[in-house]
Enquirer: 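What follows is a single structure, and I will ask about it in a moment.
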Amino acid sequence: MAEVTSDAGGRIKGTTVIKPFVYGNIARYFGKKREEDGHTHQWTVYVKPYKNEDLSGYIKKIHFKLHDSYPNHNRVVTKPPYEVTETGWGEFEVIIKIYFVDPNERPVTVYHLLKLFQSETDIMLGKKSLVVEYYDELVFQDPTAMMNHALTNTRPMSLGTYKHETDFDERKEKTLNNIKAANKKIRYEIQELNERLKQKKENINKLKEHINKVEDVDLQPDIESVT
Ligand code: SLL
């Protein structure tokens with residue numbers, strides 16, 4: 001258990017609070033290009049809690065900065081759901097800036113590449129929505145007493161079971177397996193390279209020995225002529 005003390009800024013030393021969250025977008029093809037503006041998709045970009053909790057307990061607002069082609073591209077959302085729904089024709093990077101209820105807490109920025117297009121047939125036909133979302137964590141180091149209270153006293157958002165479109169447990173397992181496989185591969189490559197290095201070193205030593213021998217032989221007549 002960390003020693004809990006409070007410094008002049010009112011921060012609780014030795015405390016770390018981690019808040020998992022999910023950000024991303026869903027999108028759906030209209031099925032055709034819209035005559036009047038050339039838009040092809042409706043999309044929603046969002047920030048959600050990973051576990052069922054009301055983020056407004058510790059999040060003050062979230063800025064979603066859209067592409068310049070959108071009118072008033074700085075969208076500010078002050079309460080759940082933290083999302084922006086729009087229509088458009090193109091993909092771009094959305095800058096998501098999360099502000100906290102405690103002004104001492106630095107805002108956190110995440111970048112999300114808004115995704116509209118995917119090769120799956122049902123998504124291309126507009127029969128099914130596309131979902132691209134990521135898991136991340138907000139880490140609060142030595143929060144102030146006020147922030148700590150806000151972080152640890154959140155309320156649930158919904159009364160029902162809370163579920164994501166993405167199976168993050170499955171993704172975690174897949175990611176872990178990929179990391180393990182990559183680790184194994186790299187370890188094997190390192191071993192092989194070490195083997196080759198050893199071989200080369202041995203060759204160098206052999207050549208050095210050879211050079212020494214040749215030099216010794218070369219020196220012999222000179223030494224003899226001096227004496
Ligand atoms: C590009 N990366 O340069 C893209 C930009 C911009 C998307 C995509 C239009 C919105 C509107 C829209 O979808 N912009 O007209 O209101 O190709």
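Residue numbers start at 1 and run along the sequence shown. Every number for a ligand or one of its atoms is a count from 1 in the order of the listing.
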Enquirer: Before giving the answer on side chain to side chain donor-acceptor pair (under 3.5 Å), spell out for Thr166 and His164 the whole-Å C-alpha distance, their side-chain angles and the decisive distance to 0.1 Å.
Expert: CA-CA 5 Å; Thr166 305; His164 293 284; over 6 Å; no

Enquirer: Report, in ascending order of atom number, the atoms of ligand 1 lying under 4.0 Å from any heavy atom of Gly88.
Expert: 13 (O)

Enquirer: Which is it for Glu91 and ligand 1 at heavy atoms under 4.0 Å: side chain, backbone, both or neither?
Expert: backbone

Enquirer: Any idea which protein heavy atom is nearest atom 14 (N) of ligand 1, and the distance to it?
Expert: Ser69 OG, 2.9 Å

Enquirer: Does the distance from a Lys or Arg side-chain N to an Asp or Glu carboxylate O, for Asp37 and Arg34, drop under 4.0 Å?
Expert: yes

Enquirer: Nearest protein heavy-atom contact for atom 15 (O) of ligand 1: which residue, which atom, what distance?
Expert: His39 NE2, 3.3 Å

Enquirer: Say whether Leu116 and Leu130 are linked into one hydrophobic cluster, either directly or through other cluster members, by side-chain heavy-atom distances under 4.5 angstrom.
Expert: yes

Enquirer: Suppose we measure from atom 13 (O) of ligand 1 to each protein heavy atom; which comes out shortest, and what is that distance?
Expert: Trp89 N, 2.8 Å

Enquirer: Check for a donor-acceptor pair, side chain of Tyr162 on one end and backbone N or O of Pro49 on the other, with a separation under 3.5 Å.
Expert: yes

Enquirer: Is the closest basic N to carboxylate O distance between Glu192 and Arg196 below 4.0 Å?
Expert: no

Enquirer: With a 4.0 Å cut-off, strictly under, does atom 3 (O) of ligand 1 pick up any protein heavy atom?
Expert: no

Enquirer: If we count only N and O atoms by modelled type, under 3.5 Å, do the side chains of Asp54 and Thr154 hold a donor and an acceptor together?
Expert: no

Enquirer: Would you mind running through ligand 1 and noting each atom that sits below 4.0 Å from a heavy atom of Gly90?
Expert: 7 (C), 8 (C), 13 (O)

Enquirer: Closer than 4.0 angstrom, basic N to acidic O: yes or no for Glu120 and Lys128?
Expert: yes

Enquirer: What protein heavy atom sits nearest atom 6 (C) of ligand 1, and how far away is it?
Expert: His67 ND1, 3.4 Å

Enquirer: For ligand 1 and Tyr70, I'd like to know whether there is a polar contact (N/O to N/O, distance under 3.5 Å).
Expert: yes

